[in-house]
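The block underneath contains the structure these notes are about, expressed in structure tokens.
Only this structure's heavy atoms are used, side chains among them; waters, hydrogens and symmetry mates stay out.
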Amino acid sequence: MSRSRLTLLLLLTGCGVEPTPEDLDGLIHRLWLSYDAASDAELAETIDALYAELGADTLSDAVTGEVSDLTAESLDVVGLSDGRDPTLPRGFSLAYTYPCTLTDLEPILYHLPQDTLYEGVYDSYDRRYTSDLDAFTAREAPQITWSADITATLLNKSYFEHIDGGLRYVGDPERPALLGRTVLPEPAAFDDEDWSFDQDYQLELWVERAPGEIAHLYVIWRHMVLGGLSTEDDGVVNTSLRNMEDWDDRTAELCAEGL
């Protein structure tokens with residue numbers, strides 16, 4: 001079966017995603033809201049609680065969940081309080097583990113030409129740093145930020161998107177961590193008027209739970225319309241979750257290969 005036919009089959013089928021437990025859901029939203037403003041100590045407290053709720057020490061298989069809606073405050077913290085409906089994007093998450101160290105993982109995450117690492121995902125990818133990478137890697141600045149222009153193809157439909165993203169290092173002496181955040185500030189442009197991708201917000205957390213073992217929490221709130229389908233369809237969400245898991249598997253390969 002071709003990849004495009006398999007993807008279509010996945011989009012048309014799939015079981016529902018179970019709701020995220022209430023305590024874990026609340027911690028995910030707290031982490032999103034505190035990404036910029038909180039101190040390392042405050043973030044470490046939230047991360048420790050998240051780590052415990054996930055059972056990250058014993059996590060083996062992938063764990064997925066449906067995350068509750070964003071709020072107006074959620075959009076305010078990323079400068080996108082422009083009248084868009086924060087309840088429109090559907091939230092879903094993946095908790096997964098793979099072999100890597102935080103030291104080896106970090107340069108993969110901030111690497112500019114991501115299309116050379118994740119081949120076949122993009123038609124084109126142009127990322128530019130919007131803050132000082134050297135200051136970030138020297139731990140003189142807590143964050144690195146970037147913007148990227150991307151073209152890609154989904155089920156033979158081409159689209160263009162501009163995203164803003166970045167990383168934050170949380171220097172907790174007991175459990176250092178990396179946070180990632182990506183937003184879609186303007187709707188993507190499809191070459192088909194029946195397709196749209198107008199909201200996307202991503203939050204990631206990476207913790208080295210043991211030497212050489214990464215626990216990764218990946219959360220997306222997304223609204224897409226794919227002709228007669230949308231992110232309200234469980235098959236669309238399940239396909240996205242499968243792709244997120246594949247992404248982590250490729251990241252593990254990159255860790256083993258070395259960047």
Thr46 OG1 to Arg30 CZ distance, which is reported to the nearest 0.5 Å:
4.5 Å
In the structure I gave you, are the side-chain heavy atoms of Asp36 and Gln143 within less than 4.5 Å of one another anywhere?
yes
Does one side chain, of Thr251 or Tyr118, offer a donor that lies under 3.5 Å from an acceptor on the other?
yes
Heavy-atom nearest pair, Gln114 first then Leu109, reads NE2-O, 3.9 Å
Consider only side-chain N and O atoms of His29 and Ser74, and report whether a donor and an acceptor are under 3.5 Å apart.
no
Roughly how far, to the nearest 0.5 Å, is the OG1 atom of Thr20 from the CD atom of Glu66?
8.0 Å
Determine whether Tyr51 and Leu94 fall in the same hydrophobic cluster, where Ile, Leu, Val, Met, Phe, Trp and Tyr are linked whenever their side-chain heavy atoms lie under 4.5 Å apart.
no
If you count the non-hydrogen atoms of other residues, nucleotides and ligands that lie under 6.0 Å from CD in Glu18, is the total more than 12?
no
When you measure from the side chain of Asp104 to the backbone N and O of Cys255, does any donor-acceptor pair fall under 3.5 Å?
no
Among Asp233, Asp69, Asp234, find the residue that satisfies the side-chain hydrogen bond (donor to acceptor under 3.5 Å, both in side chains) test when tested with Arg90.
Asp234
Please determine which of Asp246, Asn238, Thr239 meets the side-chain hydrogen bond (donor to acceptor under 3.5 Å, both in side chains) test together with Arg242.
Asp246
Is there a chain of hydrophobic side chains (I, L, V, M, F, W, Y, each step under 4.5 Å between heavy atoms) that links Met224 to Tyr159?
yes
Report the distance from atom CD of Glu213 to atom OH of Tyr98, rounding to the nearest 0.5 Å.
12.5 Å
Mind checking whether Ile220 and Asp200 have side chains closer than 4.5 Å, heavy atoms only?
yes
Is Arg209 reaching over with its side chain to a backbone N or O of Leu59, donor-acceptor style, under 3.5 angstrom?
yes
Between Ser147 and Asp164, what is the shortest heavy-atom contact and its length?
OG-OD1, 2.7 Å
Between Arg175 and Val207 (side chain of the first, backbone of the second, donor and acceptor by atom type, cut-off under 3.5 Å), is there such a pair?
no
Please confirm whether the backbone N or O of Ala44 pairs with a side-chain atom of Asp172, one donor and one acceptor, at under 3.5 Å?
no
What heavy-atom pair brings Leu154 and Trp195 nearest, and what distance separates the two atoms?
O-CZ3, 3.7 Å
Heavy-atom pair of closest approach, residues Pro86 and Ala72:
CG-N, 3.7 Å
Any side-chain heavy atom of Thr71 sitting closer than 4.5 Å to one from Trp32?
no
Following the transitive rule for hydrophobic clusters with a side-chain heavy-atom cut-off under 4.5 Å over Ile, Leu, Val, Met, Phe, Trp and Tyr, establish whether Ile108 and Ile163 coincide in one cluster.
yes
Ignoring hydrogens and geometry, is there a side-chain-to-backbone donor-acceptor pair from Thr101 to Gly212 under 3.5 Å?
no
Tell me whether Glu140 at atom CD has more than 12 heavy atoms from other residues, nucleotides or ligands lying less than 6.0 Å away.
yes
If you measure only the distance, is there a donor-acceptor pair under 3.5 Å linking the side chains of Glu245 and Tyr218?
no
Any side-chain heavy-atom pair from His162 and Pro185 closer than 4.5 angstrom?
yes
Which atom pair, heavy atoms only, marks the closest approach of Ser240 to Arg222?
OG-NH1, 3.9 Å
Before you tell me yes or no, could you show the steps for Val225 and Phe190 under side-chain contact (heavy atoms from CB on, under 4.5 Å), namely the whole-Å CA-CA distance, both residues' side-chain angles and the distance that decides it to 0.1 Å?
CA-CA 11 Å; Val225 175; Phe190 268 96; over 6 Å; no
Atom of Leu241, atom of Ser93 and distance for their closest heavy-atom approach
CD2-O, 3.4 Å
In this structure, would Val183 and Leu178 fall into the same cluster of hydrophobic residues linked by side-chain contacts under 4.5 Å?
no
Does the side chain of Leu217 reach to within under 4.5 Å of the side chain of Ile28, using non-hydrogen atoms?
yes
Looking at Arg128 and Asp149, is there a salt bridge between them, counting it only when a charged N and a carboxylate O are closer than 4.0 Å?
yes
Any non-hydrogen side-chain atom of Arg250 less than 4.5 Å from a side-chain atom of Glu119?
no
Give the C-alpha distance, both sets of side-chain angles, the deciding distance and a yes or no for side-chain contact (heavy atoms from CB on, under 4.5 Å) between Leu31 and Leu43.
CA-CA 7 Å; Leu31 194 62; Leu43 283 172; 3.9 Å; yes
Nearest 0.5 Å, please: how far is CG in Asn156 from CG in Asp192?
11.5 Å
Can the positive tip of Arg139 be found less than 6.0 Å from the middle of the six-membered ring of Tyr169, inside 45° of the ring normal?
yes
Does atom CD (Glu73) have a neighbourhood of more than 12 heavy atoms from anything else shown, all under 6.0 Å?
no
In this structure, are over 12 heavy atoms from other groups packed under 6.0 Å from Glu161 atom CD?
yes
Run the side-chain contact (heavy atoms from CB on, under 4.5 Å) test on Phe92 and Thr64 for me, step by step, so that the C-alpha distance in whole Å, both residues' side-chain angles and the decisive distance to 0.1 Å come before the verdict.
CA-CA 7 Å; Phe92 47 93; Thr64 62; over 6 Å; no
Flag, side chain of Ser158 to backbone of Asp191, donor-acceptor distance under 3.5 Å:
no
Going through the checks in order, is the salt bridge (charged side-chain N to carboxylate O under 4.0 Å, His left out) test met by Arg84 and Asp198?
CA-CA 9 Å; Arg84 67 187 69 193; Asp198 57 0; over 6 Å; no
Quick one: pull up OH in Tyr201 and NE2 in His223 and give me the separation to the nearest 0.5 Å.
11.0 Å
Any sub-3.5 Å donor-acceptor pair from Thr145's side-chain atoms to Gly166's backbone N or O?
no
Would you say Tyr96 and Met244 make side-chain contact, with heavy atoms under 4.5 Å?
no
Judged by modelled atom types alone, do Gln199 and Asp85 share a side-chain donor-acceptor pair under 3.5 Å?
no
Would you sort out whether Asp134 and Tyr129 count as a side-chain contact (heavy atoms from CB on, under 4.5 Å), showing the intermediate values?
CA-CA 11 Å; Asp134 290 338; Tyr129 298 128; over 6 Å; no
Can you find a heavy atom in the side chain of Leu24 that is under 4.5 Å from one in the side chain of Leu50?
yes
Same cluster or not: Leu75 versus Val77, using hydrophobic residues (I, L, V, M, F, W, Y) connected whenever any side-chain heavy atoms lie under 4.5 Å apart?
yes
What's the spacing between Leu203 CG and Arg181 CZ if we round to 0.5 Å?
9.0 Å
